[in-house]
Amino acid sequence: MLGRGGGRLGTPLPEQLPRRTVRQNAQSLAAVPLFAGFSAKHLKRLASQSDELAFEPREPIVEEGMLGETLFVVLNGRGKVTRRGRKVGEVLPGDFFGELSALDGGPRSATVMAETPMRVLRLFRHTLRDLLRDEPGLTLKLLDGIVRRMREVQRDHGDGRD
């Protein structure tokens, strides 16, 4: 079973902060390339069902291999991204992670651990799926965002395949 941050039950839970305004959350989601084609109305709908969590240094936000159903947007702080125990990157304000699990509910492909105090915006898979069910035209816009993200990752890792 999963805890609030996507970790195992029985582990300390991150602090859930007082709700930010829907407008603030929508602005944070608008910066996520995955949602580039979404209108302000759609972003507000997602934002109204998202929440903010706080993590302390060395506290895991997501753990590689664990099932997950949430996407996170970094609001402040810095996190370390590891795969098989090796650092492969970092996340900074404006970055996002967890999009694969938010789309398919599958296992996390990496661990993200706070290096400094961090605040993140959390968006659940069911919230995104409900919006896509109600607004099927958004599915193609989301697909465009996924392809952009995949190309970005390939470019960053020197893989120029199409």
Side-chain angles (χ1 to χ4, degrees), residues 1-36 38 43-44 46-131 142 145-146 148-159:
M1 297 214 41
L2 299 177
R4 267 201 304 227
R8 291 185 230 51
L9 282 180
T11 60
L13 296 174
E15 178 186 356
Q16 189 167 6
L17 301 173
R19 287 190 64 83
R20 291 164 27 111
T21 67
V22 170
R23 184 170 171 243
Q24 288 173 309
N25 289 349
Q27 288 171 338
S28 295
L29 291 172
V32 175
L34 208 58
F35 304 131
F38 285 33
L43 290 170
K44 284 181 184 173
L46 292 175
S48 71
Q49 296 180 49
S50 64
D51 58 358
E52 182 182 349
L53 300 174
F55 293 87
E56 294 300 319
R58 298 175 43 173
E59 189 175 0
I61 301 170
V62 298
E63 295 182 51
E64 182 177 8
M66 298 297 295
L67 292 178
E69 294 205 342
T70 48
L71 174 144
F72 297 91
V73 179
V74 179
L75 301 173
N76 68 24
R78 184 180 71 244
K80 175 173 66 170
V81 181
T82 61
R83 284 198 186 98
R84 291 182 226 106
R86 293 185 56 207
K87 184 174 179 176
V88 295
E90 65 180 5
V91 291
L92 301 167
D95 289 342
F96 65 99
F97 58 94
E99 69 278 7
L100 296 178
S101 293
L103 294 170
D104 71 1
R108 302 286 184 184
S109 60
T111 294
V112 178
M113 183 175 298
E115 287 192 305
T116 66
M118 286 182 72
R119 286 184 18 254
V120 298
L121 187 64
R122 176 176 62 176
L123 179 66
F124 287 96
R125 178 176 188 239
H126 67 83
T127 301
L128 186 55
R129 291 178 66 91
D130 288 350
L131 177 61
L142 183 65
I146 293 166
R148 274 192 303 279
R149 175 70 161 175
M150 290 175 66
R151 289 190 185 280
E152 175 184 304
V153 168
Q154 285 178 342
R155 184 184 65 245
D156 291 347
H157 290 91
D159 184 355

Participant: Using the rule given for side-chain contact (heavy atoms from CB on, under 4.5 Å), can you reason through Phe35 versus Leu142, listing the C-alpha separation, both sets of side-chain angles and the distance that settles it, and then say yes or no?
Facilitator: CA-CA 6 Å; Phe35 304 131; Leu142 183 65; 4.2 Å; yes
Participant: Taking only Lys NZ, Arg NE, NH1 and NH2, and the carboxylate oxygens of Asp or Glu, determine whether Lys80 and Glu115 approach each other closer than 4.0 Å.
Facilitator: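 Salt bridge absent between Lys80 and Glu115.
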Participant: Taking the side chain as every heavy atom from C-beta outward, state whether Leu131 and Thr127 have any atom pair closer than 4.5 Å.
Facilitator: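 Leu131 does not reach Thr127 side chain to side chain.
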Participant: Taking all non-hydrogen atoms of both residues, which atom of Glu99 and which atom of Leu34 are closest, and how far apart?
Facilitator: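 The pair with the smallest heavy-atom distance is CB-CD2, 3.7 Å.
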Participant: Can you tell me which residue among Asn25, Val22, Leu29 is in a side chain to side chain contact (heavy atoms under 4.5 Å, CB included) with Lys44?
Facilitator: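 So, applying the side chain to side chain contact (heavy atoms under 4.5 Å, CB included) to Lys44 and each of Asn25, Val22, Leu29, only Val22 qualifies.
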Participant: Out of curiosity, Phe124 CZ to Leu46 CG, how far, rounded to the nearest 0.5 Å?
Facilitator: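 Output value for this atom pair is 13.0 Å.
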Participant: So, for Arg148 and Ala36, which heavy atoms are closest and what is the spacing to 0.1 Å?
Facilitator: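 Heavy atoms of Arg148 and Ala36 come nearest at NH2-CB, 3.2 Å.
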Participant: In Å, rounded to the nearest 0.5 Å, how long is the span from NE2 of His126 to CD of Gln49?
Facilitator: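 If I round to the nearest 0.5 Å, the distance is 7.0 Å.
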Participant: Does any non-hydrogen side-chain atom of Thr82 lie less than 4.5 Å from one of Met113?
Facilitator: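 In short, these two side chains do not touch, never coming nearer than 4.5 Å.
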Participant: Answer yes or no: is there a side-chain heavy-atom contact under 4.5 Å between Ser101 and Pro107?
Facilitator: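 Sidechains of Pro107 and Ser101: no contact.
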Participant: Are the side chains of Arg84 and Glu64 in contact, using a 4.5 Å heavy-atom criterion?
Facilitator: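 The answer is yes; the side chains approach within 4.5 Å.
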Participant: Which pair of non-hydrogen atoms, one from Glu90 and one from Asp95, has the smallest distance, and what is that distance?
Facilitator: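 Taking Glu90 first and Asp95 second, the nearest heavy atoms are O-OD2, 4.0 Å.
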Participant: I'd like to check Val32 versus Phe38 (side-chain heavy atoms, cut-off strictly below 4.5 Å). Are they in contact?
Facilitator: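 No - every pair of side-chain heavy atoms lies 4.5 Å or more apart.
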Participant: What's the shortest heavy-atom distance between Phe55 and Ala114, and which atoms?
Facilitator: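 Phe55 and Ala114 have their closest heavy atoms at CB-CB, 4.1 Å.
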Participant: Looking at CZ of Arg122 and CD1 of Ile61, how far apart are the two atoms once the value is rounded to the nearest 0.5 Å?
Facilitator: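 These two atoms lie 11.5 Å from each other.
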Participant: Is the shortest side-chain heavy-atom distance between Leu71 and Leu128 below 4.5 Å?
Facilitator: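 The answer is no; the side chains never approach within 4.5 Å.
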Participant: Restricting to non-hydrogen atoms, name the atom on Ala47 and the atom on Ser50 that form the minimum distance, rounded to 0.1 Å.
Facilitator: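 Scanning both residues completely, I find the closest heavy atoms to be O-OG, 2.9 Å.
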Participant: If you define the side chain from C-beta out and look only at heavy atoms, does anything of Phe72 sit under 4.5 Å from Val62?
Facilitator: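 Side-chain contact under 4.5 Å: yes.
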Participant: So how far is it from Leu123 CG to Thr70 OG1, rounded to the nearest 0.5 Å?
Facilitator: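 Here the interatomic distance stands at 8.5 Å.
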Participant: What distance separates Leu103 CG from Glu69 CD, expressed to the nearest 0.5 Å?
Facilitator: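 These two atoms lie 11.5 Å from each other.
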Participant: Hey, are the side chains of Arg83 and Ser109 touching, using non-hydrogen atoms and a 4.5 Å cut-off?
Facilitator: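 Heavy-atom side-chain distance check passes, below 4.5 Å.
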Participant: Work out which heavy atom in Arg78 is nearest to a heavy atom in Thr116; give both atom names and the distance.
Facilitator: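 Answer, listing the atom of Arg78 first, then Thr116: N-OG1, 2.8 Å.
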